[in-house]
Amino acid sequence: MAKSLSLEKILFSQGFGTRRYCQDLVWAELVKVNDVLMTDPDEKIDPEGSILEVDGQIWQYQAQAHVVFHKPSGYECSHKPSHHPSVYSLLPNPLIERGIQCVGRLDYDTTGLLLLTDDGQLIHRLTSPKKNIGKRYRITLAEPSSDVLVKRLLTGVQLYDEKTTSCANACEITGEYEIEMVIPEGKYHQVKRMVAAAGNHVTQLHRQAIGRFELPSDLAVGQWRWLSPEELRLATQTLE
Ligand code: URA
């Protein structure tokens, strides 16, 4: 059944500021819903599928924020970055206000698929090693790829300070200096450390997929968009 909410609550839920500020936006006649100018912040609306316009910003209502982002190199996945700008600086303010978080961090120099959400359960589902959701990386190497390297990564390597060995779910040679590897978890610098432990060195790292969801080929570097329900379903499915 459709759920109606006051306009003020809807704006607040989307990250347009405090409840008071959202009221003011409506009173200042800065809010349209599906192209209709709104004047009453208490008006009840079913927001599902609505297009809001807030002070000129077009915004598709989303009960929960599930975002796909093509991460460029040179950005940290942190709200308080230490040496490089934050990926959050590339996203619109309402997303930050509603508290979206990266689903697992990528290093500042890693590029590719980054999911962000305000759904804590989803973060757990996608990052917990127990759920075995594979993350696939394209890895450029300093030394030529080899069957020995692939075998080591598949059998498992010992990382410093880790009790158990780390194994790739899948790994294959894709170029003279390139391999693709799937790992189920995201320990600190895991891919770089695994490759180093196997006797090579990562020069470039690009995440291609999470679960069965691939980085969309039409999403330019630095761009974001909402994830569709089908894409969300694919991301929560194991790769193999
Ligand atoms: N493993 C790494 O070493 N770095 C990343 O950014 C992601 C996985």
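Whatever order the structure lists ligands and atoms in, that order sets their numbers, starting from 1.
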Notebook entry, point to check: What side-chain hydrogen bond (donor to acceptor under 3.5 Å, both in side chains) pairs are there with at least one residue in residues 140-158, not counting sequence neighbours?
Noted result: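 Those involving residues 140-158 do not exist here.
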
Next item on the list: Would you mind listing every side-chain hydrogen bond (donor to acceptor under 3.5 Å, both in side chains) that reaches into residues 179-189, with sequence neighbours excluded?
Entry: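 Residue pairs with at least one partner in residues 179-189: Asp107-His189, Ser166-Lys187, Glu180-Gln208, Glu185-Gln190.
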
Item checked: Member of Val26, Asp40, Leu25 meeting the side chain to side chain contact (heavy atoms under 4.5 Å, CB included) criterion with Leu7 ->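 It is Val26, the one option of Val26, Asp40, Leu25 that forms the side chain to side chain contact (heavy atoms under 4.5 Å, CB included) with Leu7.
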
Margin query: Going by side-chain contact (heavy atoms from CB on, under 4.5 Å), name the residues that satisfy it together with Pro47, two or more places apart in sequence or in a different chain.
Written below: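 Expected list: Leu5, Ile10, Tyr61.
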
Next item on the list: Return the protein residues near ligand 1 (heavy atom under 4.0 Å from any of its atoms), ordered by chain and residue number.
Entry: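 Within 4.0 Å of ligand 1, protein side: Leu106, Asp107, Thr110, Tyr137, His189, Gln190, Val191, Lys192, Leu205.
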
Next item on the list: Using a strict 4.0 Å threshold on nitrogen-to-oxygen distance, state whether Arg136 and Glu214 make a salt bridge.
Entry: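 Glu214 and Arg136: salt-bridged.
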
Item checked: Carboxylate-amine/guanidinium contact Arg193 Asp161, below 4.0 Å ->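 Result for this pair is no, no salt bridge flagged.
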
